[in-house]
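Structure first, commentary second.
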Amino acid sequence: MNGKLSNIGKWVFGLLALITVGLAIYFYLGLTDESRTNLFLNWGYILIILGIVIALISVIFTAAVKGVNGKTLLIAIIAFAIIAVVAYLMSKGSFNVPYQAGELTYSGKTHGWVELGLNFFYVTLGVAILSILFSVIYKAVKK
């Protein structure tokens, strides 16, 4: 079963990559007008949504096949919540500050959500780096 799923995944990825390359060539060879830009952006939105859906389905599929360890799942959910709260607290002031880029002015709420997303990424990156360092040091000391 896993071999068939792996082959299906490869073909789907190849098809999506081929469509993306075709759209990129179409976008960059011609004069950019609004319809081409919208087509390219909409394809990007579709890819993001597909990525999120596939990530969620793969987690559910893996949990169904391998079984779920309740303790590990609870720890992961708590860690996610803690990182989200830390990222929110780091960006709380940004929700009231409007952001201006050229002629466009974004609301403070949009600026705050972008800041929250960036902070979430930074905190997650920091936790991952610390986890790797801890793991390497722990294994070196343990031997």
CD1-CD1 distance between I82 and I78, expressed to the nearest 0.5 angstrom: 7.0 Å
Which residue pairs pass the side-chain hydrogen bond (donor to acceptor under 3.5 Å, both in side chains) test when at least one of the two sits in residues 72-82, sequence neighbours left out? N69-T72
Honestly curious: do I54 and I46 fall in one hydrophobic cluster under the side-chain, below-4.5 Å linking rule? no
Do L41 and L16 share a hydrophobic cluster, counting only Ile, Leu, Val, Met, Phe, Trp and Tyr and linking them when any side-chain heavy atoms are less than 4.5 Å apart? no
Shared ILVMFWY cluster between I75 and V86, side chains joined below 4.5 angstrom? no
Pairs involving residues 118-133, ordered by first then second residue, that meet side-chain hydrogen bond (donor to acceptor under 3.5 Å, both in side chains) (sequence neighbours left out): none
Same cluster (ILVMFWY, side-chain, under 4.5 Å), Y28 and L47: yes
With the 4.5 Å side-chain cut-off for hydrophobic clustering, are V12 and L15 part of the same group? yes
Show the nearest heavy-atom pair for residues W43 and T20, with the distance to one decimal. NE1-OG1, 2.8 Å
Are Y45 and N42 packed together at the side-chain level, in the sense that at least one heavy-atom pair is separated by less than 4.5 angstrom? yes
Determine the minimum heavy-atom distance between A87 and F120, stating which atoms define it. CB-N, 3.5 Å
